[in-house]
Amino acid sequence: MASNWEELDDRLRPAVQRSVEEYERVRPALESVTAEMESTIRAIFDGAEVQPLFITSRTKSVESFREKASRMLAPVDDDGAPALEFPDPLKNLNDVVGVRVITTLSTENSTAASLIKRRRSIFDCRGDREKDIGSIESGTYGYSSRHLILRTIQNDVVRAYQRTLDPEANPNGSYFFECQIRTVFAHAWSEIEHDIRFKAEDPRAWSPYFDRQFTATAAMLETVESTFSELNDRYETVKGYWDEDGEGAVELTPERIKEVWQMLLPHVDRKADDDWGWAAELLASHGLDRTVQLVDLLQSDTISAVRKSLQHRYSPGPDRLLDDVLLWRFGTAHIDKTAEPANADSTPRRDSLRRRLGQMERYRQRTEQDGNGSDK
């Protein structure tokens, strides 16, 4: 796997070498531009709704600059003269200065991009694309990264660089650079892939196996990112249930109970004929008519204790489990409010509830005794 420089046509080498030498001369001034861009973007996120994990920057190395400056255009015909893809790389390349904004969740990328793009008095966004977004679907390796091409507006640090580059020119403070926004997972993937593929000491060590493995890991990371995003969305929803003046105050209709249940307990078996109307009647019998009251009832430690006490031989559906949780919470009051009268000719529900309550009480006694014993 030869480098662009190694494959460069001899007729183009002098021009590329001059550009590389010029770049080496002005690079210290460009490092100041890089630091300025990083500092400016950091300031954009001060107090913002999205807080990146971290922000980094880099000025392209001399070796990397030479490699990119050595890219040739594909010849139009067999007799075509060789030509450089970037004939004036100091002006043509937009990624000499790069800033990276590293986020936690993929859903934060668009918000971060919008925050940057809205600062129109500082930057003019001249390009915005999702790099390699289709790579996994097409079977090639890649990672998802939002790439913004930004142009500075009347920046004094850029003017200082422009005077270093050409003392005779009239500096305007306008400079193109790249800002990448990606998750920490995509960042780790790209750093490792770049080290192995592009910065390898001996590129001949590259093999098709690496392509396959990077494709596989990119797909896995996409799944991990989606899972974390789903978990975060679920957390934000559940957190809202505890807002007694907001989501927590929503009335408990059968449909609302179903929605809350499926959010809190998606692992509990559900059937097409689950009776959410019956669930609403059970809750209403105890004056529970708001979302926050249902959420308070369906705590994981309570549900675990109920299932251990009854030693369920099968996974109960929502209506049965809710009935048991209410019995655990309210005891005989639940029986009196929801079962047949004690003097009725037939009392199958009352009998069942009393038997289950007895199991619960015996379980509580055992756990209390075990707890007292462990303290001795």
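Heavy atoms only: backbone and side chains are in, while hydrogens, waters and symmetry mates are out. Sequential numbering from 1 along the given sequence is applied to the chain's residues. None of the values given here were measured: they were computed from a predicted structure.
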Measuring only between side-chain heavy atoms, which start at C-beta, is Val97 closer than 4.5 Å to Phe176? no
Measure the spacing between CG of Leu288 and CG of Leu294 and express it to the nearest 0.5 Å. 8.0 Å
Within the structure provided, determine whether Phe123 and Thr40 are in side-chain contact (heavy-atom separation under 4.5 Å). yes
Quick one: does Leu322's side chain get under 4.5 Å of Pro318's, heavy atoms only? no
Is the backbone of Gly173 close enough, under 3.5 Å, to the side chain of Thr152 for a donor and an acceptor to pair up by distance? yes
Between Thr183 (side chain only) and Thr104 (backbone N and O only), is there a donor and an acceptor less than 3.5 Å apart? no
Same cluster for Val260 and Val250 if Ile/Leu/Val/Met/Phe/Trp/Tyr side chains link at under 4.5 Å? no
Decide yes or no for Leu327 and Ile335: does some side-chain heavy atom of the first lie under 4.5 Å from some side-chain heavy atom of the second? yes
So, Asp323 and His334: side-chain donor and acceptor under 3.5 Å apart, yes or no? yes
Between Glu178 and Gln180, a side-chain donor and acceptor under 3.5 Å: yes
Positive for side-chain contact (heavy atoms from CB on, under 4.5 Å) with Arg329, one of Asp324, Thr302, Asp296: Asp296
Is Ser64 reaching over with its side chain to a backbone N or O of Lys60, donor-acceptor style, under 3.5 angstrom? no
Apply side chain to side chain contact (heavy atoms under 4.5 Å, CB included) to the pair Val292 and Tyr241, showing each step before the final yes or no. CA-CA 6 Å; Val292 68; Tyr241 291 159; over 6 Å; no
Side-chain contact, heavy-atom cut-off 4.5 Å: Gln154 with Arg159? yes
Is the charged tip of Arg256 near the ring of Trp276: under 6.0 Å from the six-membered ring centre and within 45° of its axis? no
Thr217-Trp189 side chain donor-acceptor pair, cut-off 3.5 Å: yes
Going by atom types alone, do Asn155 and Glu36 pair a side-chain donor with an acceptor below 3.5 Å? yes
For Gln311 and Arg307, indicate whether the former's side chain and the latter's backbone hold a donor-acceptor pair under 3.5 Å. no
Using ring-ring contact (aromatic ring centres under 6.0 Å, His included), reason through Phe65 and Phe86 one step at a time and then give a plain yes or no. CA-CA 11 Å; Phe65 179 87; Phe86 306 107; 9.6 Å; no
Is the backbone of Asn343 close enough, under 3.5 Å, to the side chain of Thr347 for a donor and an acceptor to pair up by distance? no
Heavy-atom closest pair, residues Ser229 and Leu105: N-CD2, 4.0 Å
With no hydrogens and no angle check, is any side-chain donor or acceptor of Asn4 less than 3.5 Å from a backbone partner on Ser70? no
Run Arg182 and His187 through side chain to side chain donor-acceptor pair (under 3.5 Å) and show every step you take. CA-CA 6 Å; Arg182 60 195 187 207; His187 180 65; 3.2 Å; yes
Quiz item: cation-pi between Arg364 and Trp328, 6.0 Å / 45°: yes
Identify the two heavy atoms, one from Val16 and one from Ala69, that lie closest to each other, and give their separation to 0.1 Å. CG2-O, 3.7 Å
Test log, rule salt bridge (Lys or Arg N to Asp or Glu O under 4.0 Å), inputs Arg25 and Glu22: CA-CA 5 Å; Arg25 181 183 71 83; Glu22 180 69 352; 2.8 Å; yes
Validation row, ring centre Tyr209 to ring centre Phe214 under 6.0 Å: no
Residues Arg27 and Glu31 bridged, charged N to O under 4.0 Å: yes
Which atom of Thr237 lies closest to which atom of Met263, heavy atoms considered: CG2-CE, 3.9 Å
Ionic contact status for Asp46 with Arg42, cut-off 4.0 Å: no
Test side chain to side chain contact (heavy atoms under 4.5 Å, CB included) on Val26 and Tyr161 and set out the steps. CA-CA 8 Å; Val26 302; Tyr161 157 70; 4.0 Å; yes
Quick one: pull up CD1 in Ile41 and OG1 in Thr56 and give me the separation to the nearest 0.5 Å. 10.5 Å
Is it true that a side-chain atom of Gln262 and a backbone atom of Glu259 form a donor plus acceptor pair closer than 3.5 Å? no
Which atom names give the shortest non-hydrogen contact between Trp261 and Leu321, and what distance separates them? CZ2-CD2, 4.0 Å
Using 4.0 Å as the upper bound for N to carboxylate O, is an ion pair formed by Asp124 and Lys117? no
Determine, for Asp336 against Arg350, whether the closest basic-nitrogen to carboxylate-oxygen distance falls under 4.0 angstrom. yes
Restricting to non-hydrogen atoms, name the atom on Phe45 and the atom on Val50 that form the minimum distance, rounded to 0.1 Å. CD2-O, 3.4 Å
Just checking, is any N or O donor in the side chain of Arg356 or Ser352 under 3.5 Å from an acceptor N or O on the other one? yes
Test salt bridge (Lys or Arg N to Asp or Glu O under 4.0 Å) on Arg366 and Asp370; report intermediate values, then the result. CA-CA 6 Å; Arg366 289 197 307 271; Asp370 292 343; over 6 Å; no
What I want to check is whether the side chains of Ser174 and Arg151 have a donor and an acceptor closer together than 3.5 Å. yes
Looking at side-chain heavy atoms only, is the closest gap between Leu283 and Leu297 below 4.5 Å? yes
Scan side-chain atoms only and decide if Arg349 and Thr338 contain a donor-acceptor pair under the 3.5 Å cut-off. yes
Atom CD1 in Ile55, atom SG in Cys179: separation rounded to 0.5 Å? 8.0 Å
Of all heavy-atom pairs linking Glu247 and Gly240, the shortest is CB-O, 3.1 Å
Ile149-Val101 co-clustered via ILVMFWY side chain contacts under 4.5 Å: no
Within the 3.5 Å criterion, strictly below it, is a donor on Thr34 or Thr59 matched to an acceptor on the partner's side chain? yes
More than 12 non-hydrogen atoms from neighbouring residues, nucleotides or ligands closer than 6.0 Å to CZ on Phe228, yes or no? no
Quick one: does Gln213's side chain have a donor or acceptor within less than 3.5 Å of a partner on Phe210's backbone? no
According to a hydrophobic-cluster definition based on side-chain heavy atoms being under 4.5 Å apart (Ile, Leu, Val, Met, Phe, Trp, Tyr only), do Phe54 and Ile181 belong together? no
Would you mind checking if Asp351 and Arg354 are paired as a salt bridge, meaning a charged N to carboxylate O distance below 4.0 Å? no
Charged N to carboxylate O below 4.0 Å: is that the case for Glu230 and Arg234? yes
Step through the shown structure and confirm whether more than 12 heavy atoms of other residues, nucleotides or ligands are within 6.0 Å of CD on Gln359. yes
Taken to the nearest 0.5 Å, the spacing of Leu84 CG from Ser19 OG works out to 8.0 Å
Evaluate the side-chain proximity of Trp5 to Gln17: yes if any heavy-atom separation is below 4.5 Å, no if none is. yes
Rounded to the nearest 0.5 Å, how far apart are OG of Ser114 and CZ of Arg146? 6.5 Å
Is any side-chain N of the basic residue among Arg66 and Glu63 closer than 4.0 Å to the acidic one's carboxylate O? no
Enter the distance from Ile122:CD1 to Leu150:CG here, rounded to the nearest 0.5 Å. 10.5 Å
